[in-house]
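Written out below as structure tokens is the structure these notes cover.
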Amino acid sequence: MKLLRYGLRRLLQAVPVILLITVGTFLLLQLAPGDTVDALVGDMGGADAQFIARLRAEYGLDQPVWVQLWRYMLKLFQFDFGWSFVYEQPVSAVLMDRLGVTLLLMATSLFFAFTIGVALGAIAARRAYSLTDNVISTLGLVFYSTPSFFLGLMMIVLFSVKLGWLPAGGIETIAAFYSGLDYVIDVALHLVMPTAALSLIYLALYLRLMRASVLETAEQDYVRTARAKGAGETRLMFHHIMRNALLPVVTLLGLQFSTVLGGSVVVETIFTIPGLGQLAYQSVVQRDMNTLMGIIFLSAVVVLVVNFLTDLVYARLDSRIELR
Amino acid sequence: MREPDTILPSAKLQARDEGRLRVFWRRYRRNRAAVLGLVLLGVIILMALTAGLIEPDDPLRRAGEPLTWPFQDWSVPLGTDQLGRDILAGIFHGARISLLIGVVATLIAIGIGIVVGSIAGYFGGWVDDVLMRVTEAVQTVPNFVLLLALVAILGPSIDNIILAVGIVSWTAPARLVRAEFMSLRSREFVEAVRNLGLGDTAIIFKEILPNALPPVIVFASIVMAVSILLESALAFLGLGDPNYASWGNMIGQGRNVLRTAWYCAAIPGIAILLTVLSFSLLGEGLNEALNPRQKKG
Amino acid sequence: MSEDAADRPILEIEGLRIALPPGADRPLALEGLDLTVRAGEIVCLVGESGSGKSLAAGAVMRLLPEPAVRMTGGTIHFEGQDLAKLSERQMRQIRGDRIGMIFQEPMTALNPQKTVGWQIDEVLKLHTDLRRKARRTRAIELLEHVHIPDPASTVNAYPHQVSGGQRQRVMIAMALALQPKLVIADEPTTALDVTTQLQILKLIRELQEEMGSGILFITHDFGVVAEIADRVAVLREGVLVEQGSATEVLNRPRHAYTRALIASVPALEPPPAKALDAAPVVLEVEGLIKTFAARGGFFSGRRQAVKAVDDVSFALRRGETLGVVGESGSGKTTVSRCVTRLIEADDGRVVIDGDDILEASRARLRAMRRDVQMVFQDPMASLNPRKRVVDLIAQGPIVHGTPRAQARERARELLELVELSPAAADRYPHEFSGGQRQRIGIARALALEPKILVADEPVSALDVSVQAQVLRLLADLRDRLHLSLLFVTHDLRVAAQLCDRVAVMEKGRIVEIGPTAKLFGAPEHGYTKKLLASIPGRDWTPPVLEGEDAA
């Protein structure tokens with residue numbers, strides 16, 4: 001019950017953010033050369049001036065800017081992002097088609113980045129300044145500096161072209177019509193490289209943060225207290241250090257999510273995965289502004305939802321947060 | 001409350017007789033990896049400076065037989081791509097673009113971040129509320145998608161790209177500066193100068209900002225690394241400025257011949273990796289030199 | 001307590017040497033410390049900051065931050081066992097079971113993510129075979145034992161949900177859970193308010209008498225020593241200078257350092273009253289009110305509003321020192337910030353020279369700031385670390401239009417006034433000790449030639465010997481420059497020594513105000529009486545030591 005009320009309050013805080021984003025996307029659309037009618041006319045292969053003016057009036061484009069803004073916001077809140085002239089469909093339909101794949105990629109990438117990163121970071125901190133730590137930390141730095149597209153391409157060269165172990169692109173084997181477990185395995189195989197390419201940089205980030213966080217937590221007074229009570233090192237690590245050290249890492253998980261979503265543009269493009277990221281790239285190339293703005297709005301909503309979930313996790317982890 | 005027993009006043013004692021810069025360098029030098037980062041960065045800067053010597057005219061011109069592998073023809077030591085362009089020349093000229101983007105976009109991002117963060121952190125209240133909501137809104141939109149949108153709207157000239165990279169990168173510095181200001185503004189030395197009659201602007205820029213800068217400088221190296229990554233990803237997708245040799249662009253072109261001539265993508269990729277690595281290492285070194293709290297066990 | 005246990009010391013430290021890492025201010029933190037603790041006695045290890053007293057505790061527990069700081073010589077015997085010869089595993093069995101430890105800061109010494117019950121349970125779990133249920137019952141009993149009201153619900157509370165004093169009781173319950181033979185208490189009351197401090201000291205005494213443990217009590221405060229010690233050992237920069245029974249050391253100190261330290265402890269005897277009735281009133285505060293509203297803006301959670309200052313009125317005459325005393329949360333600091341308008345009061349008047357500073361326009365406020373200057377608590381935080389001393393001091397006059405060169409010239413003169421070398425002018429604050437930094441802070445405040453000096457706990461962060469010097473400087477400057485001093489402090493000894501009149505604050509209100517001698521001699525309000533009764537070592541009058549110069 002407390003958690004619910006806390007959650008509601010956090011949701012309320014997201015309202016102005018959503019409003020600002022809608023205003024932002026509207027402004028971007030205004031800045032973009034050409035409007036819906038231009039696109040429509042271009043699609044039809046040209047029209048006379050009178051017809052264009054009538055179309056403008058029909059779409060409300062002759063109205064003052066703030067009236068347009070108001071209408072635009074109303075539409076956005078009904079998840080109506082307009083018409084995609086490239087896909088000849090409502091933008092929302094195009095987006096929903098692709099959201100699932102992207103979410104799957106996000107979830108697997110973040111899961112591996114977080115668990116492996118945290119584990120390696122904790123191990124490195126436990127053996128600070130030893131050989132193990134140096135190896136882990138150096139790897140972390142290199143991973144952190146590797147662009148995902150470079151890593152992706154090199155993996156394709158090695159695992160697909162040279163070794164032939166993994167499929168080079170797509171989310172499933174077309175025309176194989178797998179079902180059941182075979183299908184799951186097929187998708188998983190397709191996801192291995194994209195997940196690795198996307199998650200490595202974040203794995204390195206969590207690793208570095210966790211290492212620093214564990215080192216800092218280990219210096220805290222309460223750890224000294226636990227030592228003075230006779231607790232051994234393992235007990236200190238699991239009962240006193242880990243949970244406190246995890247807090248800043250969880251915060252970062254929420255903050256970083258939007259960047260991960262941005263990273264999926266490149267990764268999905270390389271591995272030809274039909275998700276939101278690839279769609280974003282294509283809509284820029286094809287100048288499909290309605291779709292691009294739809295992606296911005298939808299991904300912002302996804303990010304807000306994820307932030308909200310991490311907030312709840314954080315509140316559960318940190319007893320100092322008052323759930324009022 | 002009393003000061004705890006101070007047992008490690010070493011920095012205090014030695015600072016007395018040395019200049020600040022020398023103390024800084026002594027602390028920085030302790031981290032060997034950070035020195036390596038500095039050397040790497042020096043090499044990259046040197047490459048950018050001497051790019052004109054390697055290829056005085058146009059790095060995008062045909063320089064030899066297309067798809068020459070590295071170390072085969074010494075007039076093009078690192079080989080050529082499918083259009084016969086000299087990869088070595090591309091790497092040297094690309095260093096210019098990467099550094100230019102890194103430095104200018106970071107200045108833009110840190111500049112906006114300092115203004116927004118200092119105002120929000122110093123004044124608090126509704127000012128803080130409004131600015132932070134805006135920051136959150138920008139941060140909520142995936143940065144690369146926003147970058148795509150901005151470049152699509154503004155057009156892919158190098159100036160616009162730099163500006164766009166700066167615009168999508170200011171939020172994290174703003175939050176950092178805000179946090180620093182919030183902790184510093186209630187410090188007694190700020191109250192002391194307010195009590196002397198100093199105005200808000202002077203307090204923000206002359207009293208608090210210099211004390212808030214060290215972590216911002218450390219963070220700037222990360223922003224620089226991210227800026228370079230953002231630009232190269234953009235160029236990789238073919239959405240960069242086609243008139244300049246950019247590492248990302250080279251990798252993007254190399255992707256088309258990946259199966260036969262993977263070095264076309266690998267060489268510029270390593271260049272990006274090393275550049276970003278040098279900035280990360282630089283950041284670590286700066287952090288240890290500027291925030292000497294973290295002592296090595 | 002059995003007979004032979006009393007015969008043989010529980011703890012015998014012989015020739016203990018602890019090395020500091022290279023680059024520290026001295027090579028050895030402790031040089032040949034000899035100390036014994038017997039069953040049923042409380043031994044106070046006294047020293048100023050940096051004396052190495054806390055490291056002695058670390059060495060006994062074998063919890064030194066090795067390898068940087070390590071034991072290089074001497075032996076530590078606990079119940080006849082050489083601790084250095086034990087394996088880490090054996091040592092862990094001793095810690096928490098036969099040696100208990102109480103730390104200074106109960107907030108940070110307890111794990112914020114675990115309940116009070118869990119943390120007490122941990123000790124029982126590590127050292128006993130009790131079942132889960134039995135351990136829980138025992139934890140509640142322990143909480144009851146340290147007089148925590150409603151132990152059954154406190155056991156489920158997180159550390160941040162109980163008050164500072166309660167937290168320290170939890171720490172004590174934890175340390176004494178298994179009736180250890182030896183308890184090490186490292187400044188256990190330093191972070192607490194004076195009334196809480198007395199309760200905790202009594203509790204430690206009570207439990208110790210009950211269990212017959214020996215206690216090694218580390219402190220810097222001679223008042224606390226007088227309150228609790230059976231024997232005293234005085235430490236100076238790692239060297240034991242004097243050791244003996246409490247009465248002996250407190251009343252007939254032999255070593256010059258001990259004598260100097262004791263001479264620095266402010267006596268609870270107010271100075272002779274000055275005739276101030278004829279002096280003009282320079283500061284008049286009327287009906288001051290400040291409520292801290294719910295923190296944060298529209299979108300964050302609301303908190304209960306707190307009335308920090310509730311209808312406070314007083315007047316300050318020329319040349320007078322008015323002490324504002326109270327415990328943390330009494331609103332005394334808020335009063336100092338409202339009077340200087342560093343925070344905006346909700347209501348009331350603060351009249352300086354006929355003008356209400358609370359109503360002053362921006363320009364007028366700037367001008368008025370010259371008349372009211374502040375000295376702050378934390379000598380580290382109150383000076384901008386990036387400015388040279390001369391610029392720090394000259395800054396005020398420059399802001400108010402004095403030519404730069406002239407202001408700097410004056411700054412150098414002021415350094416001499418606060419008894420610092422003029423060579424200090426070109427250095428940075430971090431190059432100075434706490435006391436010196438506080439002198440710089442005073443010089444900065446004096447640079448504007450104010451009429452009123454508001455001092456917020458100016459000596460509470462300083463060692464007792466330095467504290468005495470700074471207090472003497474303040475009193476001297478006040479008299480020479482005819483300053484009026486509004487002196488905020490939690491330390492009643494300091495207030496007694498310096499103030500002409502004292503206002504006692506509780507929960508935002510002034511409960512009693514009057515001449516110092518009268519207030520200390522015949523307090524009227526119940527809270528004042530309670531405060532005075534809580535001063536540690538109030539029954540001990542530091543001896544007047546002939547021919548000693550405390551400096």
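Fair warning: this is a prediction, and the values are worked out from it, not measured in the lab. Numbered from 1 within each chain, the chains take letters A, B, ... in sequence-line order.
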When only pairs under 4.5 Å are counted, which of A:Gly262, A:Ser148, A:Ser145 shares the most heavy-atom pairs with chain B?
-> A:Ser145
Which portion of [X] sits near chain A, non-hydrogen atoms under 4.5 angstrom:
{"X": "B:Ala225", "result": "neither"}
{"X": "B:Leu154", "result": "neither"}
{"X": "B:Leu239", "result": "side chain"}

Taking the side chain from [X] and the backbone from [Y], do they hold a donor-acceptor pair closer than 3.5 Å?
{"X": "A:Arg287", "Y": "B:Ala152", "answer": "yes"}
{"X": "A:Ser299", "Y": "B:Pro142", "answer": "no"}
{"X": "A:Tyr144", "Y": "B:Ser280", "answer": "no"}

Once you round to the nearest 0.5 Å, how far does [atom1] of [X] lie from [atom2] of [Y]?
{"X": "B:Ile272", "Y": "A:Thr146", "atom1": "CD1", "atom2": "OG1", "value": "10.5 Å"}
{"X": "A:Ser137", "Y": "B:Glu284", "atom1": "OG", "atom2": "CD", "value": "8.0 Å"}
{"X": "B:Phe236", "Y": "A:Leu153", "atom1": "CZ", "atom2": "CG", "value": "4.5 Å"}
{"X": "A:Ser264", "Y": "B:Phe144", "atom1": "OG", "atom2": "CZ", "value": "10.0 Å"}

Let me know if [X] has heavy atoms under 4.5 Å from chain B in its side chain, its backbone, both or neither.
{"X": "A:Ile270", "value": "both"}
{"X": "A:Ile295", "value": "side chain"}
{"X": "A:Val285", "value": "side chain"}
{"X": "A:Ile201", "value": "side chain"}
{"X": "A:Ala168", "value": "side chain"}

For A:Glu233, the side chain to side chain contact (heavy atoms under 4.5 Å, CB included) test, sequence neighbours excluded, returns A:Arg126, A:Arg227, A:Leu236
Search all heavy atoms of [X] against all heavy atoms of [Y] and return the closest pair with its distance.
{"X": "B:Ile153", "Y": "A:Leu28", "result": "CD1-O, 3.3 Å"}
{"X": "B:Ala137", "Y": "A:Val17", "result": "CA-CG1, 3.7 Å"}
{"X": "B:Ala149", "Y": "A:Ile296", "result": "CB-CD1, 4.0 Å"}

I would like to know whether A:Val157 and B:Leu258 meet side-chain contact (heavy atoms from CB on, under 4.5 Å); could you show each step before the answer?
-> CA-CA 7 Å; A:Val157 170; B:Leu258 192 64; 3.5 Å; yes
Please lay out, stage by stage, how B:Val226 and A:Thr259 fare under the test side-chain contact (heavy atoms from CB on, under 4.5 Å).
-> CA-CA 11 Å; B:Val226 172; A:Thr259 341; over 6 Å; no
Relative to chain A, which of B:Val151, B:Thr275, B:Val141 shows the most heavy atom pairs under 4.5 Å?
-> B:Val141
Quick one: do A:Phe150 and B:Ser232 satisfy side-chain contact (heavy atoms from CB on, under 4.5 Å)? Show the steps, please.
-> CA-CA 10 Å; A:Phe150 171 57; B:Ser232 61; over 6 Å; no
Going through the checks in order, is the side-chain contact (heavy atoms from CB on, under 4.5 Å) test met by B:Arg175 and A:Leu255?
-> CA-CA 11 Å; B:Arg175 294 180 86 110; A:Leu255 277 178; 4.2 Å; yes
